[in-house]
Every structure is written in C-alpha cells, then in structure tokens.
Trainee: 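I am attaching a structure below and will ask some questions about it afterwards.
Keep in mind it's a predicted model, so treat the numbers as computed, not measured.
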Amino acid sequence: MSRPRVVIVGAGFAGYQTARTLARLTRNKADIVLLNLTDYFLYLPLLPQVAAGVLEPRRVTVSLTGTLPGVRLVLGEADDIDLEARTVHYTDPEGDGGTLAYDRLVLAVGSVNKLLPVPGVAEHAHGFRGLPEALYLRDHVTRQIELASAADDFKNCPARCTFVVVGAGYTGTEVAAQGQLFTDQLVRRQPLREGLRPRWLLLDIAPRVLPELDERLSTTADRVLRQRGVDVRTGTSVEEATSTGVRLSDGEFVDTRTLVWCVGVRPDPLVAGIGRPLERGRLLVDPYLQVPGHPEVFACGDAAAVPDLEKPGEYTAMTAQHAWRHGKVAGHNVAASFGVGTRRAYRHRDLGFVVDLGGVKAAANPLGVPLSGPLAGVVTRGYHLAAMPGNRVRVAADWLLDAVLPRQGVQLGLVRSWSVPLESASPELARVAGGPEKRATVAGGAATPAGSGSGASAAKSAVRDPGNRPAPTSDDHAVRDPSSPAGADAGEPAAPSPVRPVEGES
C-alpha cells in the first residue's frame with residue numbers, strides 16, 4: 001500500500017512546525033512534501049538585528065533540508081489550488097511550473113505587507129517582511145550616513161539623516177530602536193556636521209506604541225525609545241509620501257530619504273482564491289484547523305482564522321506565537337487522520353511577550369510578570385535562543401561579538417531599491433530584472449476577481465503587478481533625491497531596464 005502524501009504549502013512558523021511535528025509522529029509512514037520559495041525557515045523576530053548589523057543574515061535562516069529529516073523540499077510558490085482534483089500548481093524560482101497531488105493539504109502561506117491607500121507609499125516606501133528588505137535597509141541607512149558625512153553641501157544632509165518608520169507594533173518598534181543605535185555607532189566613526197545627528201521618527205495612528213500589548217510593556221518601550229532620541233509620535237499617520245519626504249496628518253512635512261512601512265500584515269491572497277469562506281481575508285477553519293467541507297485540507301498560521309477557544313466568538317491573533325503552536329496542532333491532527341494518535345483542538349493561553357529594544361534593553365512580561373532593563377534583555381534573548389530551531393550557537397556568538405567589537409558599517413550592495421518593492425507578495429526573494437516573479441499585493445485588502453478563472457489563479461490574476469511600471473532608476477530611494485540627475489541617487493548603478501512584467505497578472 002502506497003504511503004499517503006501530505007503537501008504543506010509554506011515554511012514559515014506554522015508550516016515549519018507542521019512539517020517537523022508530522023515527520024516525528026509518522027516516522028516515514030507518510031510522504032511529506034514541503035513547498036516553499038526558499039530553502040530556509042526565516043526567524044522573523046530577529047530580522048531587525050540583521051538590518052542593524054548585529055546579526056549576519058544567515059544566522060536568522062534555518063536550513064529546511066538540514067533540520068527536517070524525512071521531509072522532501074520542493075522549491076516553488078503555489079499559484080493555484082484545485083480542491084476537487086486535490087492538486088497544487090506551483091511556479092519554481094526559475095519560472096517553470098509544476099503540480100503536486102496530495103491526500104492531505106496544509107495551507108500555511110502566511111501573510112504579506114498590508115498597504116493602505118496613502119498616495120505615494122507604494123512608490124517611495126519599503127516593507128520589512130523578508131531578508132532582502134533587511135539587507136537593503138542596512139545598506140541604505142549606512143549609505144545615507146556616509147553621504148551626509150562626506151557632503152560639501154549641507155542642504156541634503158538633514159534629509160539623509162532622517163529615518164521615518166510607520167507602524168509602532170512589534171516590527172516598527174524594534175526597527176526604530178535598533179536603527180537608532182546603529183546610526184549612532186556609524187556617526188562615531190564618520191562624524192556629521194556640528195549640530196546634526198541621526199533622527200528617527202516612529203509614527204502610529206494608535207494612542208501608544210505596541211498598542212496590542214500590555215500597557216506596561218508599551219510604557220517601557222516608549223520610555224527607552226525617547227531616552228535614545230527617537231521621535232515617537234502617536235495619533236499621527238502619513239497622508240502622503242513624495243520624492244522629497246512625507247506629509248503627516250498634523251500637516252508637518254518631514255524631509256527624508258527613508259520610509260519604512262511596518263503598518264502590519266494581511267493574509268496571503270492565495271487563500272482568497274480557493275473558494276472557501278473567509279474571515280477578513282483569512283481562511284475559516286474549525287478548532288481542529290480543518291477547512292469545513294474539506295476534511296483533507298488544513299490551514300494554520302496567519303492565513304487561517306482559527307477560533308479562539310479562550311475567547312469565544314474571536315479568532316487567534318496573527319502572531320508568530322500562535323502560528324508556531326498552530327503548526328504543532330496541525331501536525332498532530334494530520335497524523336491522526338492517518339490513524340496515528342488522536343486529534344486535538346487548538347487551545348492556547350499567552351505566556352507573555354518579549355520586545356527587543358537593542359543593546360541590553362528590552363520589554364518583557366513572561367507569565368504576566370512585567371520586566372524592563374537588562375533583566376528583560378536577558379529574558380528576551382533567552383526566549384529567542386530557546387525558540388529558534390537552529391543556529392543558536394551562531395546567534396549567541398554574534399551577540400557576544402557585538403558586545404565587545406564595533407559593528408562593520410559597510411555597504412554590501414547586494415540588494416537595490418527596485419529589487420524590494422513594497423507591493424511584493426514574495427518578500428523572501430529580491431526582484432531580478434527579467435526574472436520570473438509572479439505576483440504582488442495590491443493596496444487595500446483582498447484581491448478582487450478579474451475576468452474568468454477558477455480557484456487561486458483567479459485571485460492571482462486580479463492582483464496588480466508593479467513590474468508593469470519601469471524599475472526605479474534610483475539608488476536607494478525609500479524617497480528619491482530629485483536633485484540628482486533623473487532622480488537617481490549617488491552610490492548605486494541604475495536598475496536594469498526594462499524589467500519584464502510579472503506573468504499572469506494584469
């Protein structure tokens with residue numbers, strides 16, 4: 001008798017944990033296939049430390065083949081799911097297509113950048129969801145400080161030294177906290193003109209930073225940021241982004257070359273195209289993570305609306321903590337569907353949260369006990385080391401070296417601004433001119449069906465393709481410098497042109 005095939009789509013927190021749990025439980029009694037665009041699991045909580053030069057990029061990437069024995073990796077991105085035929089169609093990184101048949105399907109496709117209909121944001125901002133974006137931001141910040149330090153003309157220096165982060169949730173708060181420390185270190189070796197220092201702005205329409213967390217954690221984070229000189233502005237949003245800066249909701253215009261978009265995420269548009277009920281873009285599932293009407297299909301992570309049994313009538317939040325535990329339950333329940341063990345409903349109570357604020361500072365509340373300062377820093381880093389499925393020694397070594405040695409403030413020049421458009425639904429890979437990128441997100445919400453088509457392919461075809469406009473010719477425009485010829489900034493070659501439009505979208 002042939003072994004049943006399980007196809008897991010996505011290797012984020014939910015997908016990775018599903019594969020690991022299932023492989024351990026079935027012990028080669030099932031053919032487990034993991035479909036993912038990259039060959040690594042990205043530990044997202046430490047990505048701000050990559051952008052700030054604390055950690056090397058490979059430290060936050062965990063090899064899928066090296067840590068998931070018994071799981072077959074297929075490199076590709078799902079673009080169509082046929083629930084009746086039980087097949088998943090995908091496109092590999094080189095643009096070739098393929099089809100995977102399944103007996104059980106686990107959808108763990110995660111989330112993408114959440115865009116708002118703010119004029120200019122799609123053109124002038126960059127997100128922070130993938131490794132390419134973190135590498136780009138590190139190069140961009142370094143370059144701005146270097147250009148400001150060497151400039152003979154003071155006119156553009158304040159704008160180069162001003163960095164705007166929109167969104168004061170987990171990601172935005174940590175990016176601003178780490179970024180301020182990083183730029184302070186850079187200017188120690190490359191002094192700026194007298195009276196000029198790096199300026200970081202953290203904006204959010206909410207009344208406080210980290211609005212989703214306990215107010216005591218929010219207060220701690222706010223205090224640390226302000227002590228470092230971060231300009232925290234709550235109740236404030238961006239009304240327009242232009243080539244020279246951003247206009248705020250209070251009417252102020254801030255001159256800047258850097259706009260980092262961290263306003264949140266929305267479910268991957270793939271789930272909108274399979275024709276099953278949604279809850280705010282998330283695929284509705286039962287407490288056992290199964291899709292009603294299709295017991296062979298499971299969904300978990302950010303793309304799934306999982307009933308919160310601790311809070312009747314609500315759904316679990318889109319956090320890594322929930323996704324990780326979704327994956328474990330999904331693995332158990334898929335195995336139970338083959339007769340291995342018994343299935344279980346998802347139930348979880350928060351054990352606390354940690355927010356790394358850089359250096360020895362953090363905010364944490366393990367088991368509900370609020371902590372701040374160095375003690376919170378130790379707890380936070382200890383939590384990350386325990387949670388990471390690999391690279392623990394390497395990460396700890398980088399932290400030790402960062403504590404005793406100055407950071408290497410150099411540009412690698414590996415990722416250009418046009419390679420990481422904000423509207424990308426695949427932040428895992430940097431865009432390549434003429435490459436096979438297939439899809440992108442659209443500002444607003446879920447994709448709107450366009451024309452004929454079935455399943456996920458209809459949703460994909462409805463998503464707007466930023467590749468249809470020419471690749472930016474600027475260096476590192478998070479906001480471009482109009483004083484340079486053709487809008488190009490100094491220090492980086494222009495993007496190859498034309499960029500081949502993304503296939504399959506209009």
Trainee: May I ask you to decide if Arg344's main-chain N or O and Asn333's side chain share a donor-acceptor pair within less than 3.5 Å?
Mentor: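 The answer is yes, because a donor-acceptor pair under 3.5 Å joins these two groups.
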Trainee: If you measure from CG on Leu357 to CZ on Arg223, what distance do you get to the nearest 0.5 Å?
Mentor: 10.0 Å
Trainee: Would you find more than 12 non-hydrogen atoms of other residues, nucleotides or ligands less than 6.0 Å from Glu215 atom CD?
Mentor: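 For Glu215, atom CD is not crowded (no more than 12 foreign heavy atoms under 6.0 Å).
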Trainee: Decide yes or no for Leu203 and Val164: does some side-chain heavy atom of the first lie under 4.5 Å from some side-chain heavy atom of the second?
Mentor: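 Result yes, sub-4.5 Å side-chain heavy-atom pair found.
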Trainee: Please check: side-chain N/O of Asp204 versus main-chain N/O of Ala168, any donor-acceptor pairing under 3.5 Å?
Mentor: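 Yes, the answer is positive, given that a donor and an acceptor are paired below the 3.5 Å cut-off.
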Trainee: Under 3.5 Å, side chain of Asp103 to main-chain N/O of Arg5, donor-acceptor pair present?
Mentor: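 Flag set: sc Asp103 to bb Arg5 pair under 3.5 Å.
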Trainee: Determine whether Ser417 and Tyr136 make a side-chain contact, defined as any pair of heavy atoms from C-beta on separated by less than 4.5 Å.
Mentor: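 Heavy-atom side-chain distance check passes, below 4.5 Å.
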Trainee: Testing the basics here: between Ile274 and Leu83, what is the closest heavy-atom pair and its distance to 0.1 Å?
Mentor: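 Heavy atoms only, the tightest pair is O-CD1, 3.8 Å.
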Trainee: Of His326, Arg325, His322, which is the lone residue that meets side-chain hydrogen bond (donor to acceptor under 3.5 Å, both in side chains) with Thr316?
Mentor: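 Of all the options given, the one that passes is His326.
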Trainee: Which pair of non-hydrogen atoms, one from Gln17 and one from Lys328, has the smallest distance, and what is that distance?
Mentor: CG-N, 3.3 Å
Trainee: Say whether, by atom type as modelled, one donor and one acceptor occur between the side chain of Thr236 and the main chain of Thr234 under 3.5 angstrom.
Mentor: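 Confirmed, Thr236 side chain pairs with Thr234 backbone.
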Trainee: Answer whether the closest heavy-atom distance between the side chains of Leu385 and Trp399 falls below 4.5 Å.
Mentor: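 Yes, at least one pair of side-chain atoms sits under 4.5 Å.
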Trainee: Got Tyr346 and Pro287 here, is their nearest side-chain heavy-atom distance under 4.5 Å?
Mentor: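 In short, these two side chains do not touch, never coming nearer than 4.5 Å.
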Trainee: Is the shortest side-chain heavy-atom distance between Leu135 and Pro57 below 4.5 Å?
Mentor: yes
Trainee: Would you say Ser218's side chain and Asp214's backbone share a donor-acceptor pair under 3.5 angstrom?
Mentor: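 Checking the backbone N and O of Asp214 against the side chain of Ser218, no donor-acceptor pair under 3.5 Å is found.
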Trainee: Evaluate the side-chain proximity of Pro421 to His126: yes if any heavy-atom separation is below 4.5 Å, no if none is.
Mentor: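 SC-SC contact between His126 and Pro421 ruled out.
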Trainee: Quick check for you: to the nearest 0.5 Å, what is the distance between Arg233 atom CZ and Leu248 atom CG?
Mentor: 6.0 Å
Trainee: Apply side-chain contact (heavy atoms from CB on, under 4.5 Å) to Leu34 and Arg72, showing your working.
Mentor: CA-CA 6 Å; Leu34 181 59; Arg72 181 164 69 93; over 6 Å; no
Trainee: Can a salt bridge be assigned to the pair Asp82 and Arg86 using a cut-off of 4.0 Å between side-chain N and carboxylate O?
Mentor: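 No, Asp82 and Arg86 are not salt-bridged.
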Trainee: Can you give me the closest heavy-atom contact between Val260 and Thr258, atom names plus distance?
Mentor: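 Closest approach of Val260 to Thr258: CG2-CG2, 4.0 Å.
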Trainee: Counting only heavy atoms not in Arg392, do more than 12 fall under 6.0 Å of its CZ?
Mentor: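 Yes, enclosed.
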Trainee: Please work out whether the ring planes of Phe41 and Trp324 are parallel, tilted or perpendicular, with thresholds of 30° and 60°.
Mentor: tilted
Trainee: Measure the spacing between OG1 of Thr18 and NE2 of His332 and express it to the nearest 0.5 Å.
Mentor: 10.5 Å
Trainee: Could you walk me through whether Thr99 and Val88 pass the side-chain contact (heavy atoms from CB on, under 4.5 Å) check?
Mentor: CA-CA 6 Å; Thr99 301; Val88 176; over 6 Å; no
Trainee: What pair of heavy atoms forms the shortest contact from Ala221 to Val209, and how long is it?
Mentor: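 Looking at all heavy atoms of both residues, the shortest contact is CB-CG2, 4.3 Å.
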Trainee: Does Ala177 offer a backbone N or O that forms a donor-acceptor pair with the side chain of Gln180 under 3.5 Å?
Mentor: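 No: the side chain of Gln180 does not pair with the backbone of Ala177.
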Trainee: Between Thr67 and Tyr16, is any side-chain donor less than 3.5 angstrom from a side-chain acceptor?
Mentor: yes
Trainee: I'd like to know if the side chain of Ser237 reaches the main chain of Ile205, judged simply by a donor and an acceptor atom lying under 3.5 Å from each other, with no hydrogens or angles considered.
Mentor: no
Trainee: Do Asp79 and Thr91 get their side chains close enough for a donor-acceptor pair, meaning under 3.5 Å?
Mentor: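 Yes, side-chain donor-acceptor contact under 3.5 Å.
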Trainee: Do Thr220 and Pro370 have side-chain heavy atoms sitting under 4.5 Å apart?
Mentor: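 A side-chain contact under 4.5 Å is absent here.
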Trainee: Do Thr26 and Asn28 pair up side chain to side chain, a donor and an acceptor below 3.5 Å, judged on atom types alone?
Mentor: no
Trainee: Using modelled atom types and a 3.5 Å cut-off, is there a donor and acceptor pairing between side-chain atoms of Arg282 and backbone atoms of Ala304?
Mentor: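 Checked: pair present.
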Trainee: Test Leu422 against Asn113 for side-chain contact (heavy atoms from CB on, under 4.5 Å), laying out the working first.
Mentor: CA-CA 7 Å; Leu422 181 62; Asn113 287 320; 3.9 Å; yes
Trainee: Testing Val9, Leu64, Val109, Ile8 one by one against Asn36 for a side-chain contact (heavy atoms from CB on, under 4.5 Å), which residue passes?
Mentor: Leu64
Trainee: Looking at every non-hydrogen atom in both residues, tell me the closest pair between Val420 and Val415 and how far apart they are.
Mentor: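 Looks like CG1-CG1, 3.8 Å.
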Trainee: To the nearest 0.5 Å, what is the distance between CZ (Arg276) and CG (Leu107)?
Mentor: 12.0 Å
Trainee: Can you measure from OH (Tyr90) to CG (Leu37) and round to the nearest 0.5 angstrom?
Mentor: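 If I round to the nearest 0.5 Å, the distance is 12.0 Å.
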Trainee: Is the positively charged end of Arg343 above the ring of Tyr288, judged by distance under 6.0 angstrom from the centroid and angle within 45° of the axis?
Mentor: yes
Trainee: Hey, what's the ring geometry for Tyr170 with Phe353, parallel, tilted or perpendicular (30° and 60° as the breaks)?
Mentor: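 Tyr170 vs Phe353 ring planes: tilted.
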Trainee: Could you point out which residue of Arg104, Glu296, Gln290 forms a side-chain hydrogen bond (donor to acceptor under 3.5 Å, both in side chains) with Ser337?
Mentor: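 Running side-chain hydrogen bond (donor to acceptor under 3.5 Å, both in side chains) over Arg104, Glu296, Gln290 with Ser337 returns exactly one hit, Arg104.
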Trainee: Determine whether the side chains of Ser111 and Arg129 contain a donor N or O and an acceptor N or O closer than 3.5 Å.
Mentor: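 Yes, because at least one side-chain N or O of Ser111 sits under 3.5 Å from a partner of the opposite role on Arg129.
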Trainee: Using modelled atom types only, decide if a donor and an acceptor are shared between the side chain of Asn391 and the backbone of Arg394 within a distance under 3.5 Å.
Mentor: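 No, the answer is negative, given that no donor and acceptor are paired below the 3.5 Å cut-off.
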Trainee: Closer than 3.5 angstrom, by distance alone: can the side chain of Arg208 be matched with the main-chain N or O of Pro211 as a donor-acceptor pair?
Mentor: yes
Trainee: Supply the atom-to-atom distance Glu174 CD to Asp356 CG, rounded to the nearest 0.5 angstrom.
Mentor: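 The distance works out to 5.5 Å.
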Trainee: Go through Val291 and Phe298 one step at a time and tell me if the side-chain contact (heavy atoms from CB on, under 4.5 Å) criterion holds.
Mentor: CA-CA 6 Å; Val291 176; Phe298 298 76; over 6 Å; no
Trainee: For Ala364 versus Ala376, what's the shortest heavy-atom pair and its separation?
Mentor: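 Of all heavy-atom pairs spanning Ala364 and Ala376, the closest is N-CB, 4.1 Å.
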Trainee: Mind checking whether Val395 and Tyr43 have side chains closer than 4.5 Å, heavy atoms only?
Mentor: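 No, every pair of side-chain atoms sits at 4.5 Å or beyond.
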